[in-house]
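Presented below is the structure to which this report refers.
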Amino acid sequence: MQHFLAVSDHSSQELQDLLNLAIRLKKEYFAGGNQPLLKGKVLGMIFQKPSLRTRVSFDMAMRHLGGDALYLSPNEIGLGKRESIADVARVLSGYVHAMMARVFDHAHILELAQWSSVPVINGLSDYNHPCQAMADALTIQEKFGKGKKLNVTFVGDGNNVAVSLMHISAKLGWNFTIANPEDYDIRADAVALAKEIASETGSKLTFLRDPHAAVRGAHVIYTDTWTSMGQEEETAKREKVFPPYQVNAGLVSEADKDVIVMHCLPVHRSHELTDEVADGPHSVIFPQAHNRLHAQKAILARLFEVA
Ligand code: CP
Ligand code: NVA
């Protein structure tokens, strides 16, 4: 594994191996701590947008594995503004052993990877959020086990989180359904890629407008913010379109009785998710957030070729 930019870049087996490694590292951590596999290694973390989970879980993952992390704030390096992306990549490659970047434009993460001589991890772009998808898959497998034919349903905006969830579902052979309003479909190129993957793994992809039809038989209901970072000027318009897509107790009651409700967080309570569901018996949103730590340890260990 040279970089970690998209789950679709990796085979089903590679992804399952990463998930198995995450489970092993998680057990080891709770049984007394991880081995210092990354002693002396430093991860540079470039952020063009805010973050709680990605920033802290990567930092702590490095610390737990004996390494260190360096936070570079949006104002600090001015990726592509103060300095070209190619130059940032080549300079930083001489200082740190790997880099993680959260960017606006997906092309920027690809450019970083192209010019970097150390591994690059995508910590979210406007296109996808692959580290989130690994934590999501870990959470789903912990709940339902491996190799099950599950129905994963996303309700809301066809955004970056939806893209990565669709791709990992297809990779792992789960059926994936999305219900989203008109004009908020998942990007056509991401759908085409998912169809290619699904034709190999036998997963079924369904694209709907009706959230009620989408959650029928669902083992997982997933939702995310109606307005992603960088789309703030569209907030008022989106707040008018998305209310029928709220995940509330009524909608959850239409799914499988053992359904789990997921959200990448931060959650906008009373918007895409009600308090009753977020804090109710089906919700796994906090264990899901905590799994970022364990999934990313596996990604780091593989990129550094120490596990
Ligand atoms: N889910 C997620 O990536 O959260 P942050 O934006 O807080 O990193
Ligand atoms: N879709 C959201 C995810 C945040 C983790 C965003 O891009 O803002």
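This chain uses plain numbering: 1 for the first residue, then up along the sequence.
Side-chain contact between Met99 and Leu72 is absent, with no heavy atoms from C-beta onward closer than 4.5 Å. Using a 4.5 Å heavy-atom threshold, the side chains of Glu272 and Val267 count as touching. Within the 4.5 Å cutoff, the side chain of Thr225 has no heavy atoms near those of the Asp157 side chain. By the 4.5 Å heavy-atom criterion applied to side chains, Ile260 and Phe144 are counted as neighbours. Counting heavy atoms from C-beta on, the side chains of His282 and Val277 never come closer than 4.5 Å. The shortest distance between side-chain heavy atoms of Met262 and Ile285 does not fall below 4.5 Å. Between Gln16 and Gln141, some side-chain heavy-atom pair lies under the 4.5 Å cut-off. Residues Glu83 and Ile77 fail the side-chain proximity criterion, which asks for heavy atoms closer than 4.5 Å.
The other residues sharing a hydrophobic cluster with Met60 are Leu52, Val56, Leu293, where clustering joins ILVMFWY side chains under 4.5 Å apart. Grouped by direct or indirect side-chain proximity (heavy atoms under 4.5 Å, Ile/Leu/Val/Met/Phe/Trp/Tyr only), Met229 sits with Leu124. Through direct or indirect side-chain contacts shorter than 4.5 Å among Ile, Leu, Val, Met, Phe, Trp and Tyr, Tyr29 is connected to Phe30. Leu208 forms part of no hydrophobic cluster, judged by ILVMFWY side-chain heavy-atom separations under 4.5 Å.
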Task: Verdict with supporting geometry, Phe176 and Phe154, ring-ring contact (aromatic ring centres under 6.0 Å, His included) - done: CA-CA 8 Å; Phe176 176 84; Phe154 189 98; 7.1 Å; no
- [ ] Show the numbers, then the answer: is there a side-chain contact (heavy atoms from CB on, under 4.5 Å) between Met62 and Leu300?
- [x] CA-CA 8 Å; Met62 287 302 292; Leu300 289 164; 3.7 Å; yes
- [ ] List the steps and the verdict of side-chain contact (heavy atoms from CB on, under 4.5 Å) for Val152 and His219.
- [x] CA-CA 6 Å; Val152 176; His219 303 102; over 6 Å; no
Task: Trace of the side-chain contact (heavy atoms from CB on, under 4.5 Å) decision for Ser116 with Leu92 - done: CA-CA 8 Å; Ser116 168; Leu92 210 48; over 6 Å; no
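Panel note: side chain Ser84, backbone Gly80; no donor-acceptor pair is recorded below 3.5 Å. Of the possible polar contacts, one joining the Asn34 side chain to the Leu25 backbone as a donor-acceptor pair under 3.5 Å is found. No donor-acceptor distance shorter than 3.5 angstrom exists from the side chain of Gln114 to the backbone of Glu111, with no hydrogens or angles considered. With hydrogens and angles disregarded, no donor-acceptor distance shorter than 3.5 Å links the side chain of Lys39 to the backbone of Gly67. Using a distance-only test at 3.5 Å, with no hydrogens or angles considered, no donor-acceptor pair links the side chain of Thr54 to the main chain of Ser51. For the pair Ser283 (side chain) and Asp279 (backbone), a donor-acceptor distance under 3.5 Å is absent.
Arg90 is linked by a side-chain hydrogen bond (donor to acceptor under 3.5 Å, both in side chains) to Asp87, counting only residues two or more places apart in sequence or in another chain. Residues satisfying the side chain to side chain contact (heavy atoms under 4.5 Å, CB included) test with Gln13, not counting sequence neighbours, are Ser11, Asp17. Scored by the side chain to side chain contact (heavy atoms under 4.5 Å, CB included) test, Glu142 finds Lys26, Leu138, Asn291 as partners (sequence neighbours excluded). Under the rule for a side-chain hydrogen bond (donor to acceptor under 3.5 Å, both in side chains), Asp68 has no partner lying at least two apart in sequence or in another chain. Partners of Gln48 by side-chain hydrogen bond (donor to acceptor under 3.5 Å, both in side chains), not counting sequence neighbours: none found. Considering only residues two or more places apart in sequence or on other chains, Asp59 meets the side chain to side chain contact (heavy atoms under 4.5 Å, CB included) condition with Met45, Arg63, Ala69.
A side-chain donor-acceptor contact under 3.5 Å links Asn122 and Asn128. Counted by atom type alone, Asp126 and Asn160 present zero donor-acceptor pairs between their side chains at under 3.5 Å. For Glu239 and His271, the side-chain atoms include at least one donor-acceptor pair closer than 3.5 Å.
Of all heavy-atom pairs spanning Leu79 and Leu112, the tightest one is CD1-CD2, 4.3 Å. The two atoms that bring Ala295 and Ala22 nearest to each other are CA-CB, 3.9 Å, heavy atoms only. Of all heavy-atom pairs spanning Gly123 and Arg102, the tightest one is O-NE, 2.9 Å. In plain terms, the two heavy atoms of Ala162 and Ile178 that are nearest each other are CB-CD1, 4.2 Å.
To the nearest 0.5 angstrom, His10 atom NE2 is 10.0 Å from Ile168 atom CD1. Here CZ of Arg53 is found 14.0 Å from SG of Cys131. Values are rounded to the nearest 0.5 Å. Taking CD of Glu232 as the start and CZ of Arg238 as the end, the distance is 10.0 Å to the nearest 0.5 Å. In this structure, His294 NE2 and Leu19 CG are separated by 13.0 Å, a value rounded to the nearest 0.5 Å. Atom CD1 in Ile109 sits 7.0 Å away from atom OG in Ser125 (nearest 0.5 Å).
For the pair Arg55 and Tyr71, the cation-pi criterion (under 6.0 Å, within 45° of the ring axis) is fulfilled.
No continuous path of hydrophobic side-chain contacts links Leu265 to Phe58 [ILVMFWY only; heavy atoms under 4.5 Å]. Under a hydrophobic clustering in which Ile, Leu, Val, Met, Phe, Trp and Tyr are joined whenever their side-chain heavy atoms come within less than 4.5 Å, directly or via other members, Phe47 and Ile299 fall into the same cluster. Cluster membership for Val284 and Leu251, using ILVMFWY side-chain heavy atoms within less than 4.5 angstrom, is not shared. Taking hydrophobic clusters as Ile, Leu, Val, Met, Phe, Trp and Tyr residues chained together by side-chain heavy-atom distances below 4.5 Å, Val247 does not share a cluster with Tyr222. Phe286 is not connected to Met134 by any chain of hydrophobic side-chain contacts under 4.5 Å among Ile, Leu, Val, Met, Phe, Trp and Tyr, and they are in different clusters.
Residue pairs meeting the side chain to side chain donor-acceptor pair (under 3.5 Å) criterion with at least one member in residues 241-256, sequence neighbours excluded: His212-Glu254, Gln246-Asn248. Sorted by first and then second residue, the pairs that involve residues 162-179 and meet side chain to side chain donor-acceptor pair (under 3.5 Å), not counting sequence neighbours, are Asn151-Asn175.
Annotation for Lys149: atom NZ counts as buried by contact number, over 12 foreign heavy atoms lying within 6.0 Å. In the displayed structure, Arg269 atom CZ is contacted under 6.0 Å by more than 12 heavy atoms of other residues, nucleotides or ligands. Sparse packing is recorded around CD of Gln2, with 12 or fewer heavy atoms of other residues, nucleotides or ligands lying under 6.0 Å away. Taking a 6.0 Å sphere around CD of Glu182, one finds it holds 12 or fewer heavy atoms contributed by other residues, nucleotides or ligands.
Look at Asp185 and Arg209 and you find a salt bridge, because one of the NZ, NE, NH1 or NH2 atoms lies within 4.0 Å of a carboxylate O, short of that distance.
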